[in-house]
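Data block below; observations after.
Model, not experiment: these values are computed from the prediction.
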Amino acid sequence: MATTQSTRQPPPPIFDQLAHLPDPFARQPEPVPSHLPAAARTVHEDDFWHALRFLASYEGSTATFNAYRRELERLLQWSWLVQEKSIRELRREDIEQFIRFCQDPPRAWIGTKNCARYRGPEGERKAHPDWRPFVVTVSKVQTRAGKTADPGSYASSQASIKSLFAILSSFFNFLIQEEAVTSNPVALIRQKSKFLVSGQRREVRRLSNLQWDFVLETAELMAAEDPDHHERTLFVMQCLYAMYLRISELVADERHVPTMSDFHRDSDNNWWFEVVGKGNKARSVSVSNAMLAALKRYRLHLGLTPLPVPGERTPLVPALGGRRPVTSTRHIRAMVQNCFDQAVERMRLEGLADESYELQAATVHWLRHTGISEDVKVRPVDHVRDDAGHASSLTTDRYIDAERRERHASARNKPMKTDS
DNA sequence: AGATACCAGATCCCCTTCAC
DNA sequence: GTGAAGGGGATCTGGTATCT
């Protein structure tokens, strides 16, 4: 049985055995023929070509492509090495075994760090020796505390299993279209799934009002102390909170280069900010007076007129001392994290240990959540929905529900009588 | 040596569809 | 008309290669 052997050793990089075929891990996949080539002589090649063409249909979105590619390699590795079957022979029981395998993979299949799938000179595909199909991670807070990755502590999350189901199901539906299989073994186990906990609703992850006050004040202090670096930090924090921006909406990429003239005034003298967001969808965000003041402050610091003029090409978030825009979300994240870190320190000094500890887990996206969930308290839901760029009020409503829970929690233990 | 671009995997968000 | 499942696509985080 292959299992014993494969639990002790890392799985061989299967795709390397098929080196004569196109690289499924190339960023720009080669054009894939629409039918199976006669060259697919072996079972492995046959599986491989199906997987490759499935992946090719997701070329347009890097994130999705990467996620699907990862799960497909796991499936092929397991199918060939452990189950010793073609993917076309997999039945419901096999898929269940595969899910369990992914929930608790053998030690040898778990890596402790992300690394390139391949290395070596261009054109020479050589598996990276440290690469593994699964990787154990350590949270930001734990990393700070000096914790290192331990393969023994690998645990797949509910979210991972859920997306694994989705991807496998898509793949087998694709195989049905290709007439490679006749049924979808994944769909058969969906119903009475023992693998997923249903009805789990996550809390909205946001800053408390106290935390946000500290963070904003910290940004202001940083800006006062080191304007050259941190006027920009302050401006970014304010954009993320007051306009509910996603991190990607602040940086220049191939789909959009945000500039100052994305702020514009309409015939009623109201200011709007034009955003190109998730899924290439454009929207306008209403600009509050406080946000407008923040914009003026930052522009004065940059030596610009207080308000942008139409056609102005200045980047919304310029690189320090340069005319070029910031192009990396990592850069923005570093700015925000730096501000969070200093706010944590200030809270700790003021004796707010618990609140400061929670703030350590905060991420950039929390600022968007915080802005939305504060504003649904006082603004009509449709307005917040449109400014946030939600397609449906159902999404925005989640933030209202969160507020209700919070409200109830604060009321739950209030006494009936005042005893003093 | 530091900045930065890019890569990989885990996790989260949120739109669409479907069941009731 | 709700609520949840399904699915696509984003963010979050750390690692590495490359540039300056």
Side-chain angles (χ1 to χ4, degrees), chain A residues 25-27 57-58 60-71 73-74 102 110-122 128 130-144 148-149 154-171 173-174 184 186-187 190-191 193 196 198-205 240 245-251 253 255 277-281 319-320 322 324 326-334 336-337 361-369 372 385 388-399 401:
Chain A
F25 298 99
R27 273 191 82 67
S57 64
Y58 291 97
S61 167
T62 316
T64 306
F65 182 91
N66 287 342
Y68 283 31
R69 179 180 72 180
R70 178 183 69 242
E71 300 300 351
E73 175 156 18
R74 286 175 181 172
C102 290
I110 303 170
T112 54
K113 62 179 181 186
N114 283 333
C115 60
R117 178 64 182 80
Y118 291 111
R119 72 173 180 193
E122 191 72 26
H128 194 298
D130 294 335
W131 182 88
R132 295 292 183 278
F134 300 86
V135 172
V136 63
T137 57
V138 183
S139 78
K140 182 168 68 176
V141 178
Q142 288 177 322
T143 305
R144 296 264 170 115
T148 54
Y154 181 87
S156 64
S157 72
Q158 284 283 306
S160 307
I161 299 300
K162 190 167 173 261
S163 78
L164 175 59
F165 269 118
I167 293 166
L168 290 177
S169 187
S170 289
F171 181 50
N173 282 338
F174 172 86
N184 183 338
V186 184
R190 231 351 129 56
Q191 304 296 343
S193 171
L196 290 174
S198 64
Q200 265 193 342
R201 278 188 71 173
R202 282 193 69 85
E203 303 277 326
V204 170
R205 308 193 327 145
L240 291 168
L245 298 188
R246 300 182 180 96
I247 191 170
S248 61
E249 293 164 350
L250 280 173
V251 302
D253 60 15
R255 76 180 172 201
K278 193 170 173 172
N280 248 329
K281 281 183 296 190
L320 285 181
R324 298 212 312 231
V326 167
T327 56
S328 148
T329 56
R330 260 201 97 148
H331 199 159
I332 303 286
R333 193 152 56 226
V336 173
Q337 187 63 54
T363 70
V364 176
H365 210 64
W366 288 31
L367 294 177
R368 172 174 159 89
H369 290 164
I372 291 173
R385 176 198 62 200
H390 292 149
S392 151
S393 294
L394 277 175
T395 304
T396 320
D397 283 346
R398 295 161 56 97
Y399 296 90
D401 292 347

If I take atom [atom1] in residue [X] and atom [atom2] in nucleotide [N], what distance separates them, rounded to the nearest angstrom?
X	N	atom1	atom2	value
A:Ile372	B:dC13	CD1	P	11 Å
A:Arg246	C:dG9	CZ	C1'	11 Å
A:Glu73	B:dG9	CD	C1'	13 Å
A:Glu71	C:dG9	CD	P	16 Å
A:Arg385	B:dC13	CZ	P	20 Å
A:Leu164	B:dA10	CG	C1'	13 Å
A:Tyr68	C:dG8	OH	P	4 Å
A:Leu245	C:dT11	CG	C1'	15 Å

Between [X] and [N], is there a side-chain N or O to OP1/OP2 distance below 4.0 Å?
X	N	result
A:Ser248	C:dA10	no
A:His369	B:dC13	yes
A:Arg69	B:dC7	no
A:Ser169	C:dG7	yes
A:His365	C:dT11	no
A:Ser170	C:dG6	no

Which of A:Val336, A:Thr329, A:Leu245, A:Leu250 passes side-chain contact (heavy atoms from CB on, under 4.5 Å) with A:Val364? Answer is A:Val336
* To do: Using a 4.0 Å heavy-atom cut-off across all strands, classify A:Arg74 as base, sugar-phosphate, or nothing.
  => sugar-phosphate
On a heavy-atom basis, the closest approach of A:Ser169 and A:Asn184 is O-ND2, 3.2 Å
message = Could you check whether any side-chain N or O of A:Arg368 sits under 3.5 Å from a backbone N or O of A:Ala388, counting only pairs where one atom can act as donor and the other as acceptor?
response = yes
Note: for A:Asn173 and A:Val364 on DNA chain C, the residue whose nearest nucleotide lies more 5' is A:Asn173
Assign each of A:Phe134 and A:Arg330 the nucleotide of DNA chain B bearing its closest heavy atom; nearer the 5' end lies the nucleotide of A:Arg330
Subject >> Side-chain touch A:Arg70/A:Ile167, heavy atoms, less than 4.5 angstrom >> reply: no
Against the side chain of A:Arg70, the closest entry in B:dC13, B:dG9, B:dT4 is B:dG9
Evaluate A:Glu71 against A:Phe171 for side chain to side chain contact (heavy atoms under 4.5 Å, CB included), listing each step before the verdict. CA-CA 10 Å; A:Glu71 300 300 351; A:Phe171 181 50; over 6 Å; no
